[in-house]
K.L.:
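Next up is a structure, given as C-alpha cells.
These numbers come from the heavy atoms of this one structure, side chains and all, not from hydrogens, waters or symmetry mates. By convention here, the first residue in the shown sequence is residue 1.
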Amino acid sequence: MRNKTLKNRLTAQFYRGNMPMLCLAVFASLVSGTLNLILSWIMQQLIDSASGVPGALSIGLLAKLCGIFVLLCVAASLLQYAAEPRFIRRAMRQYKEFAFEKLMEKSISSFRDEGTAAYLSALTNDASSIEADFLSQQLSVITKAVTFSGALSLMLWYSPLMTAIAVGVTVLPLIASVLTGRQIAAAERRVSDRNRDFTAALGDCLAGFSVVKTFKAEREIFRLFAEKNRALEDEKFGRRRVKILVGMIGSVAGVLAQLGVFLIGAYLALTGRGLTPGIVIAFVNLMNFMIEPVAELPGLLASRKAALGLIGKLADALERNPANTGNTALTRLERGIRLEHVSFGYDGKKEVLHDLSAELEAGKAYAVVGGSGSGKSTLLQLLTAARTDYRGQIFYDETELRTVSPESLYGMISSIQQNVFVFNASIRDNVTMFRSFPQREIDAAIAHAHLGGLIRERGDGYLCGENGAGLSGGEKQRISIARSLVKQSSVLFADEATAALDAQTASLVAGDILDLEGVTRIVVTHTLNEALLRRYDGILVLKNGRIEECGSFDALMEQKGYFHALFTVAQ
C-alpha cells in the first residue's frame with residue numbers, strides 16, 4: 001500500500017501546477033486530430049469536383065477552404081510547439097526533483113546497503129523512457145482517439161455498408177498487435193535492469209581507475225565493462241526488435257485492410273451502389289485513422305504499462321529500508337555518550353562487538369585504538385546510528401539513540417572519513433555545503449581548521465575539482481573539519497581520518513582535531529603517536545570486539561597490558 005501511494009505521488013508530479021500547459025497541449029492534439037478528418041473530407045470534395053460528380057463544391061470555394069485549412073494547421077502546430085515541450089519539461093523536472101527529495105529523506109542506515117546504480121539508472125535512463133513512453137505518448141493517444149472516433153463517424157455518414165466492411169477488416173491488425181504488444185513491457189523491464197548493472201559496473205571501473213592501472217588489469221576490466229555493455233545492448237536489441245515487429249505486423253495488416261476496402265469500394269462505385277470516386281478515396285484515407293490507432297494501441301498501452309512499471313520500481317527503491325522512526329529531538333550533547341552492554345553482529349550473525357560498556361564525557365577527546373578487525377569502525381557506525389540493530393543501549397545524554405530522530409542527530413554530529421568527499425565546487429561551498437552562514441562563523445571555522453593559508457593562496461572561490469582532485473589529502477581533511485565547525489556540531493567522529501596522509505600531514509590534521517574546544521571528539525586511529533595520544537582525555541582499547549582497556553595514555557602504559565604491547569610494537 002505504501003509503495004502504491006508513493007507511486008501515485010510520483011506520477012502526480014507530472015501534473016502538479018502543470019495542468020494549464022497540459023490542457024493547451026491536449027487542445028492542440030484535439031485540433032490536430034480534427035484537422036486530419038477535415039483533410040479527408042476536402043480530398044473527397046476535390047476528387048468528386050474534378051470527376052464532375054453532381055453536388056460537389058466548386059473549385060474556387062475549395063481553394064478558399066484549403067487556404068483556411070492550411071492556416072488552421074499552422075495555428076495548431078504553433079500551439080503544440082508552445083505547449084507540449086513546456087508541459088514535458090516541467091513534468092520531468094518535478095518528477096526527478098520529487099524523487100531526489102524523497103531519496104534525501106533516507107537516513108544513513110537506510111541508504112547504507114543500497115547501491116547508487118539503481119538511482120542513477122532511475123533518474124537518467126528510466127526517466128528518458130518514461131518521458132518518451134508515458135508523457136509524449138499520452139498526447140499521441142489523444143490525437144489517435146479523436147481521429148479514430150471521428151473517422152468512424154464520418155465513414156458511417158458516407159456509407160454504413162462500407163463502414164461495416166472496414167470495421168471487419170480492422171480486426172486483423174488488432175489481433176496481430178495484441179498478440180505481440182504485450183511483450184514490450186517485459187522487454188522494457190529487462191532493459192532497465194541491464195541499465196542498472198551497466199551503470200554500476202561503469203561507476204566501479206572509473207572509481208577504481210588508479211587501482212586498475214597500478215595492478216595492470218586493464219584487459220580484465222575491459223572484459224568486465226564489455227560484458228555488461230554487451231548484456232545491455234543485447235536487451236536493447238531485443239526490445240527494438242519487439243517494437244519493430246509490432247509495428248511491422250500492424251503495418252502489413254493495415255495495408256491488407258486498406259487494399260481490401262479500396263477494392264470493395266471501387267467495385268461498389270463501378271456498380272452504382274451509391275459511392276463516388278471521392279468517397280472511395282476518402283474511405284481509404286479514413287481507414288488510416290482507424291487502422292493506425294488499432295494497430296498501435298496495444299504497443300502504446302504496453303509502453304505505458306512499462307513506464308508505470310519503471311515509476312513503481314523507483315518507488316520500491318525509495319521505500320526500501322525505511323528510515324529510523326525515532327522522534328526525540330536533541331540539539332546538543334550536554335553530558336556525554338554512554339554505552340551499556342552493547343553487542344552487535346552483521347545481519348544477525350556472529351557477533352563482532354561483545355558487551356561494550358563505556359562513558360564518554362561531553363567536550364572531551366577520546367581515541368579508539370586496537371588491532372585490525374577489532375571492531376573500531378563498527379563501533380563508530382553504531383555511535384553515528386549507521387546501524388541500529390544492536391543489542392544493549394547507547395545513550396546520548398539520557399536519550400537512547402534508537403529513539404532519536406535522524407534529522408536532529410545529523411544536526412548534532414559530524415563525521416570525518418578516511419576519504420573525504422569534496423564536490424566540484426568552490427572551497428567556500430564545500431565548507432558550507434551550499435548553505436548560508438554568517439561570514440564571521442565561516443571565518444571562525446576556517447581559522448580553527450587551519451584553512452586560512454589555502455584560501456589566502458587560492459581564494460575561497462577556488463574550484464576543488466571532481467572529488468577534490470585539485471586538493472591534497474590534508475587540505476580535504478581540513479575542509480571536512482571546517483564543515484563540522486561551521487554547522488556547530490557538538491560531536492565529531494573521525495574514522496582513520498589520517499590513514500592516507502603522510503606522517504607530517506597526519507600529525508597536523510590530528511592536532512587540528514585535538515585543538516577544537518567545546519566539541520566531543522571520538523577518533524578511531526591506527527597511528528600510535530605518543531605526543532598525540534597524551535592529549536586525549538581517554539583511550540578505548542579494543543581487542544576481538546571487546547573493550548580490553550580504557551584510560552589515559554600514562555595509566556594504560558603503567559598497566560603494561562594489551563595497549564602497552566600495541567604501542568611498543570608500533571614504535
Side-chain angles (χ1 to χ4, degrees), residues 333 335-340 342 353-384 394 413-418 448-450 474 477-478 480-481 484-485 489-571:
L333 189 70
R335 290 181 291 279
I337 299 172
R338 188 170 77 255
L339 291 83
E340 292 186 356
V342 173
L353 295 178
H354 315 286
D355 196 33
L356 305 186
S357 294
E359 290 195 23
L360 310 172
E361 294 183 41
K364 294 187 175 182
Y366 296 88
V368 181
V369 303
S372 177
S374 60
K376 303 186 298 296
S377 295
T378 302
L379 173 59
L380 232 58
Q381 289 184 39
L382 301 190
L383 293 174
T384 57
I394 300 175
I413 68 173
S414 289
S415 295
I416 303 176
Q417 306 295 328
Q418 179 176 336
H448 284 100
H450 300 294
Q477 293 290 10
R478 288 194 175 93
S480 186
I481 294 171
S484 67
L485 293 174
S489 302
S490 60
V491 183
L492 176 63
F493 296 98
D495 187 6
E496 301 284 11
T498 62
L501 308 179
D502 61 81
Q504 182 179 1
T505 305
S507 180
L508 291 172
V509 170
D512 293 341
I513 294 173
L514 287 165
D515 287 339
L516 302 178
E517 296 179 357
V519 179
T520 305
R521 290 140 292 163
I522 301 173
V523 180
V524 169
T525 179
H526 72 289
T527 304
L528 301 183
N529 179 297
E530 180 176 350
L532 292 172
L533 289 172
R534 286 184 178 277
R535 297 184 60 188
Y536 286 99
D537 297 290
I539 301 172
L540 275 67
V541 186
L542 268 61
K543 179 182 180 183
N544 297 327
R546 301 181 187 277
I547 297 179
E548 186 75 9
E549 297 169 331
C550 182
S552 66
F553 176 81
D554 290 332
L556 291 174
M557 290 299 289
E558 288 177 8
Q559 292 179 21
K560 295 190 180 299
Y562 182 62
F563 175 78
H564 181 273
L566 282 176
F567 180 79
T568 302
V569 170
Q571 303 313 303

K.L.:
Using atom types as modelled and distance alone, determine if a side-chain donor or acceptor of T527 lies under 3.5 Å from a backbone N or O of N529.
P.N.:
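Judged by distance alone, no pair lies under 3.5 Å.
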K.L.:
So does F563 get a backbone contact from the side chain of E549, meaning a donor-acceptor N/O pair under 3.5 Å?
P.N.:
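Pair found, side chain donor or acceptor close to backbone of F563.
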K.L.:
Any donor-acceptor pair under 3.5 Å linking the side-chain atoms of E496 with those of H526?
P.N.:
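Their side chains do contain a donor-acceptor pair, which is all the 3.5 Å distance test asks for.
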K.L.:
To the nearest 0.5 Å, tell me how far D554 CG sits from L533 CG.
P.N.:
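Here the rounded value is 10.5 Å.
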K.L.:
Search all heavy atoms of D512 against all heavy atoms of A449 and return the closest pair with its distance.
P.N.:
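Minimum heavy-atom separation between D512 and A449: OD2-O, 4.0 Å.
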K.L.:
Salt bridge or not between R546 and D355? Use side-chain N to carboxylate O under 4.0 Å.
P.N.:
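Judged by the 4.0 Å cut-off on N to carboxylate O distance, R546 and D355 do not form a salt bridge.
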K.L.:
Check the pair E361, Y366 against side chain to side chain contact (heavy atoms under 4.5 Å, CB included), reporting the backbone distance first and the verdict last.
P.N.:
CA-CA 9 Å; E361 294 183 41; Y366 296 88; 3.5 Å; yes
K.L.:
Starting at NZ of K543, measure out to CG of L566 and round the result to the nearest 0.5 Å.
P.N.:
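That separation rounds to 8.5 Å.
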K.L.:
Do you know which two heavy atoms are closest between A510 and L532, and how far apart they sit?
P.N.:
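So the two residues come closest at CB-CD1, 3.7 Å.
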K.L.:
Could you tell me whether the side chain of S490 and the main chain of L333 form a donor-acceptor pair under 3.5 Å?
P.N.:
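Looks like yes, one N/O pair under 3.5 Å.
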K.L.:
Determine the minimum heavy-atom distance between I547 and S357, stating which atoms define it.
P.N.:
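Closest pair (atom of I547, atom of S357, distance): CD1-O, 3.6 Å.
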K.L.:
If every non-hydrogen atom of Q477 is compared with every non-hydrogen atom of I416, which pair is closest and at what distance?
P.N.:
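Heavy-atom minimum between the residues: OE1-CG2, 2.9 Å.
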K.L.:
Tell me which one of L485, L516, T520 satisfies side chain to side chain contact (heavy atoms under 4.5 Å, CB included) with L492.
P.N.:
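Going through the options one by one, the only one that passes is L516.
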K.L.:
Under 3.5 Å, is there a donor-acceptor pair between the S489 and S414 side chains?
P.N.:
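S489 vs S414: donor-acceptor pair found between side chains.
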K.L.:
When you check the gap from the basic side-chain N to the acidic O, do R521 and D515 get nearer than 4.0 Å?
P.N.:
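Salt bridge between R521 and D515, a charged N being under 4.0 Å from a carboxylate O: no.
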K.L.:
Start with the C-alpha distance between V369 and L542, add both sets of side-chain angles, then the distance that settles side chain to side chain contact (heavy atoms under 4.5 Å, CB included), and finish with yes or no.
P.N.:
CA-CA 6 Å; V369 303; L542 268 61; over 6 Å; no
K.L.:
With rounding to the nearest 0.5 Å, note down the distance linking CD in E340 to CD1 in I394.
P.N.:
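CD1 of I394 is found 10.5 Å from CD of E340.
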K.L.:
Any donor and acceptor pair, going by atom type alone, linking the side chain of D537 with main-chain N or O of A365 inside 3.5 Å?
P.N.:
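Indeed, once roles are kept as given, a pair shorter than 3.5 Å links the two residues.
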K.L.:
Can you name the closest pair of heavy atoms from S552 and I539 and give their distance?
P.N.:
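Closest approach of S552 to I539: C-CD1, 4.4 Å.
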K.L.:
So do L339 and L383 actually touch side chain to side chain, heavy atoms under 4.5 Å?
P.N.:
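They are in side-chain contact.
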K.L.:
As an exercise, state the distance from CD of E517 to NE2 of H448, rounded to the nearest 0.5 Å.
P.N.:
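E517 CD to H448 NE2: 6.5 Å, rounded to 0.5 Å.
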K.L.:
Would you give the length of the straight line joining atom NZ of K376 to atom CG of L540, rounded to the nearest 0.5 angstrom?
P.N.:
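With rounding to 0.5 Å, NZ (K376) is 12.0 Å from CG (L540).
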K.L.:
Where do H564 and K560 come nearest, in terms of heavy atoms and distance?
P.N.:
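H564 and K560 have their closest heavy atoms at CB-CA, 3.5 Å.
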K.L.:
If we only count heavy atoms from C-beta on, is the F567 to L556 side-chain gap below 4.5 Å?
P.N.:
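Side chain of F567 against side chain of L556, heavy atoms only: no contact under 4.5 Å found.
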K.L.:
Treating K364 as the side-chain partner and G538 as the backbone partner, does any N or O pair qualify as donor plus acceptor under 3.5 Å?
P.N.:
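No, because the side chain of K364 does not come within donor-acceptor range (under 3.5 Å) of the backbone of G538.
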K.L.:
For a side chain to side chain contact (heavy atoms under 4.5 Å, CB included) check, start with the C-alpha distance between L379 and V524, then their side-chain angles and the critical distance, and finish with the verdict.
P.N.:
CA-CA 9 Å; L379 173 59; V524 169; over 6 Å; no
